[in-house]
Amino acid sequence: MSYGGQYNGGGNRRRRREPDYDYQDRRQDFSESPEQKLRNTIIKLGEVDVIEELPRLVQHIRSQHPAVGVSSISEAIRIAVTEQPYKIPHYAALLRLLHDPEVKEEEDGAPETAPLGKQILEDFWKGFQAFLDKLAWREARLCVHFFAHLTLAGVISSESLISLLQSFTTVLDEFGVSYGRAKKAALCAAEGLMISGSLLKATSSSSVTEIITAIQTYNDTVTTYKWLIQPSLRLYTEAGALENADELLDTALATLKALDSSDFAASLNSFPRPYADYAPLDSTSPAFNLPSVLVPPEIIELDGLSTDAGEDAQVKKEEWPEYFQRLFDTGVTPDPNTASGYAVRSALLDIIDIFEVNRKECVRLLMEYPKWTLPGTFKAKPGAPVKAEDEDPEKDWQLESTIIETILGSFFLLPEPSHKSIYHIALITELCKLSPSTVGPAVGKSIRKLYNSLSDGLDVDIARRFAEWFAVHMSNFGFQWVWKEWIPDLELVGQHPKRAFMRRALEFEMRLSYHDRILKTLPPVMQEEDANVIPAQAPGPDFDYEEPTSPHHDAAQSILNLLRGRAKPEEVITQVDSIRTSLESSDMDLNIDAVVRSIAVQSLLSIGSRSFSHLLNAIERYLPLLRNLAGTGSSGSADAQAKADILTAAAAFWKRNKQMVNIVFDKLMQYQIVDPSDVVAWTFVNVAGDGHLSGMGPLSLSAFEWDLLKGALDKVNGRVMIARRKVAALRKEEDDTRAKAKAKGGVDVSSMEVDEDTKADADEDMAPAADDAADSPQLVTALKAFASLTREQKAALSRTLDGFVACLAPLPSDSNPNPHAAVVITESAWHNRSNWSGDEWNAWETWGWYRQFCRAYSPYLRNYATTLGTVSFAKIESSTDPAAELLKRTWNIAAGQE
């Protein structure tokens, strides 16, 4: 067959039949304007050698001005300062050079009156004011860094910078200021003072002292607040200095105090100052005075929807102090309590935060960060020349260890990280791919440090994230780990955090691979079933009625045959009723309703066990069956026990795959077969599933039960949020409609001046009809739905709190007059933890999840603080038991009552 003739070049002819423009035309369409070219040149400053590029860039900017306006140049610098903060000192040097007057030979020979640098700075200030107006705190803080460097360069007056920093400390004195707002304002003032403190103290020592005192005074008021989010669980001690963690505001204060005691001499060796060797500005170029500012108040959006406590129902994410986990000694990574260490960690955190949109670019910049620091800050790469004058024995830190410690510190923030977990995990993976020989050892050391800290009280939620990161990281590198190092820990009790970590990490690994493959990566001693490290069987379904010898096998098969044949839901319901009738006529002593529900639910899950799509199809097809099972007991009345039986059957079917238990529970809540409060109640009633309710030990929660609770609470909170937004949208739509209707009347009542009789007549004529003033049916329905979901939310939170109280401070009852004593981890008990049994470790973990519940759902708990606390703690209100006191104290902190 020939492909010549009419087919030859057909594709080219089709392209030639496109619109009448060629490649050159398209190139011209994408050509950059002079403003864009100059902006890109400014932003790309330092790609080769920033010191050599600065003078050339200054000349280039001057040559383009005034063809390129000041606003374009200012915008480019503003973008660079807020998106490339590691370059801020060099942009300060750029503006300092542009601040020098340029003499232009005009007809009268007069110099230019306003230096270009000053014009740029005036326009830059407008952008900073816009950041403040929008409360864009990160951008505002980075602009303060820029102003601080310009003050040292002599471009900005020190008096005006002091005034700017004091405007931020004024925020700390606001009545009822939120912690998040106060923390961000305090950091703006603190970091600006760190950079320029040497000059500001010489200008006004008292003002510097006032700024530090204001931050310290506020920080002292939130000491109790910090106790709840420490990365090491200490039930017996107040918030204070930890050996392996640093709180952000505490480190800023410690750094400021150390600098202040030495008149900020150390700051000169902590922040790059490329402008330090420039000649001082002459008297013809006076320093720029920053205008006075007032930090705008917080934006509070009210939607008019209130809770039973009478508070605004608009839930705002609670902001907490930030404790950063430390993994290495100060000789390996920077000490954030020093100016140099604080500067390094702050810069790395800014890079991680800004470049979330591009992890590969973020990794490249992290590895190139030493380029923007003072010489000698980090160890030189092997083979790289090192100048003697560049060596700094007090620094010389390891770059890779510093980066990994910073990323993990951000990942392990409590109650939740600032970015998605996968972002931090992906960053570490990309770092290992970029430089495996240097990053790999740092990652291995970090894993070992974190693993050892499990015995020292590492917070339970951090331990969960650690297991997640470990599993994902192993999956990216062939699941290779030196498991034999942890063989001695098999002698620890099964509930020890190290043992729990092994099981959790391997469970995550099996989700990412296969049971047999993961099993082969373990030493033989860990593969044994008695080691309790990995299950002997692969995760999968466990159908109780599969074997012919199983009780009720025939009944289950009859339902299975109908489900496989895609029978109508009504036919299956009829068969279920028939099975119930036959069981009732038998002489067996059974909970008939529970058995019937178990048979039906497990049969349905068996049909859907092949894949997620099979599961969803089975649930959606037989929703009437599930609703019938959930809403009808033997008496024909709705019963919460029916929903509990459905959850029990689902958990039994997937008992060898905890992930599927979470998924099935989520789908049952999604299709409203069960309510989130039902899942919460079931979780506490069936907690751990190892006989705790029979008096064999105290109630306790593991990470699996917490996942169930979290899924239920997130579901109900999400529903309330969606309902609130719907009501707000409908209300706004109605208000707009009424406003348009009034506008069409063409009468402005507010501007009319008439006598009382005429005004009354006019008001009567213009008054909308009763039907028009009433809420629309859609809004009424939405309000009813919102009220119903709010009650459900309160019920779920209340049941969760009641469950934790029952676990951690059990009271005698008729059925159990001598309950197991609540375990409170006192200081002496903590120091003897090497002798703990499983009960103590179970109690310790349960306390950890209670703390996580309180801090993670604090915004929702505060809406119901009065009613929830009163009801849940009523039975232990007068108790002097240490467990009861600790429960109430933790609650009070989270609810904002302490």
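In this text the structure is predicted, and so the values were computed from the model without any measurement.
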(message) Just verifying a value: how many Å separate Tyr850 OH and Leu887 CG, rounded to the nearest 0.5 Å?
(response) 5.0 Å

(message) Quick check: do Met526 and Met502 have side-chain heavy atoms less than 4.5 Å from each other?
(response) yes

(message) For Leu458 versus Leu450, what's the shortest heavy-atom pair and its separation?
(response) CD2-O, 4.2 Å

(request) Might you point out which heavy atoms bring Cys807 and Leu701 nearest each other, and give the distance in Å? (result) SG-CD1, 3.9 Å

(message) Is a donor from one side chain sitting under 3.5 angstrom from an acceptor on the other, for Asn561 and Gln557?
(response) no

(request) For residues Arg597 and Leu629, report the shortest heavy-atom separation together with the two atoms involved. (result) NE-O, 3.3 Å

(request) Test Arg580 against Asp593 for salt bridge (charged side-chain N to carboxylate O under 4.0 Å, His left out), laying out the working first. (result) CA-CA 7 Å; Arg580 179 182 287 109; Asp593 287 333; 3.3 Å; yes

(request) Going by the salt bridge (Lys or Arg N to Asp or Glu O under 4.0 Å) test, name the single residue among Lys715, Arg791, Arg799, Lys643 that passes it with Asp675. (result) Lys643

(request) On the 0 to 90° scale, with breaks at 30° and 60°, tag the Phe653-Phe543 ring pair as parallel, tilted or perpendicular. (result) perpendicular

(request) Fit a plane to each ring of Trp836 and Trp841, take the angle between them on a 0 to 90° scale, and name the class: parallel (under 30°), tilted (30 to 60°) or perpendicular (over 60°). (result) perpendicular

(request) Enter the distance from Leu562:CG to Glu571:CD here, rounded to the nearest 0.5 Å. (result) 6.5 Å

(request) Going by the side-chain hydrogen bond (donor to acceptor under 3.5 Å, both in side chains) test, name the single residue among Ser603, Ser598, Ser606 that passes it with Tyr545. (result) Ser598

(message) As a quick check of understanding, evaluate side chain to side chain contact (heavy atoms under 4.5 Å, CB included) for Leu709 and Trp849, giving each step before the final call.
(response) CA-CA 10 Å; Leu709 292 177; Trp849 291 124; over 6 Å; no

(request) Give me the ring orientation class for Tyr860 and Tyr857: parallel if the planes are under 30° apart, tilted from 30 to 60°, perpendicular past 60°. (result) tilted

(message) Please determine whether a side-chain nitrogen of the Lys or Arg among Lys520 and Asp516 lies less than 4.0 Å from a carboxylate oxygen of the Asp or Glu.
(response) no

(request) Report the distance from atom CE of Met669 to atom OG of Ser677, rounding to the nearest 0.5 Å. (result) 10.5 Å

(message) Let's go through Phe804 and Phe684 carefully: what are the C-alpha distance in whole Å and the side-chain angles of both, what is the deciding distance for ring pair (Phe, Tyr, Trp, His ring centres under 6.0 Å) to 0.1 Å, and is it a yes or a no?
(response) CA-CA 8 Å; Phe804 275 114; Phe684 281 105; 5.4 Å; yes

(message) Parallel, tilted or perpendicular: which one describes the rings of His424 and His419, with boundaries at 30° and 60°?
(response) tilted

(message) Can you give me the closest heavy-atom contact between Ala642 and Ala630, atom names plus distance?
(response) CB-O, 3.4 Å

(request) Step through the shown structure and confirm whether more than 12 heavy atoms of other residues, nucleotides or ligands are within 6.0 Å of CD on Glu620. (result) yes

(message) Distance check, rounded to the nearest 0.5 Å: Phe853 atom CZ versus Ser858 atom OG?
(response) 10.0 Å

(request) Quick one: closest heavy-atom pair of Ile447 and Phe466, and the distance? (result) O-CZ, 3.6 Å

(request) Specify the closest pair of heavy atoms between Glu547 and His553, including all atoms of both residues, with the distance to one decimal. (result) O-ND1, 3.2 Å

(request) Answer yes when Lys658 and Asp707 have at least one side-chain N-carboxylate O distance shorter than 4.0 Å, and no when they do not. (result) no

(message) Can you tell me which residue among Phe501, Phe508, Phe477 is in a ring pair (Phe, Tyr, Trp, His ring centres under 6.0 Å) with Phe470?
(response) Phe501

(message) Using a 3.5 Å distance criterion without hydrogens, assess whether the side chain of Gln793 forms a donor-acceptor pair with backbone atoms of Val720.
(response) no

(message) What verdict does the side chain to side chain donor-acceptor pair (under 3.5 Å) test give for Thr781 and Gln778, after you've listed the backbone C-alpha separation in whole Å, the side-chain angles of each residue and the deciding distance to 0.1 Å?
(response) CA-CA 5 Å; Thr781 302; Gln778 295 88 345; over 6 Å; no

(request) Fit a plane to each ring of Trp486 and Trp481, take the angle between them on a 0 to 90° scale, and name the class: parallel (under 30°), tilted (30 to 60°) or perpendicular (over 60°). (result) tilted

(request) Decide, yes or no, whether a salt bridge links Asp459 with Arg855 under the criterion of side-chain N to carboxylate O below 4.0 Å. (result) yes

(message) I'd like to know if Arg503 pairs up with Glu507 as an ion pair, taking the criterion as any Lys NZ or Arg NE/NH1/NH2 lying under 4.0 Å from an Asp or Glu carboxylate oxygen.
(response) no

(message) Within the 3.5 Å criterion, strictly below it, is a donor on Arg517 or Thr521 matched to an acceptor on the partner's side chain?
(response) no

(message) How about NZ on Lys498, more than 12 heavy atoms from neighbouring residues, nucleotides or ligands closer than 6.0 Å, or not?
(response) yes

(message) Working to the nearest 0.5 angstrom, can you tell me the gap between Leu626 CG and Leu668 CG?
(response) 6.5 Å

(message) Within the 3.5 Å criterion, strictly below it, is a donor on Glu584 or Thr581 matched to an acceptor on the partner's side chain?
(response) no

(message) Any salt bridge linking Arg719 with Glu792? Criterion: basic side-chain nitrogen under 4.0 Å from a carboxylate oxygen.
(response) yes

(message) If we count only N and O atoms by modelled type, under 3.5 Å, do the side chains of Gln575 and Ser558 hold a donor and an acceptor together?
(response) yes

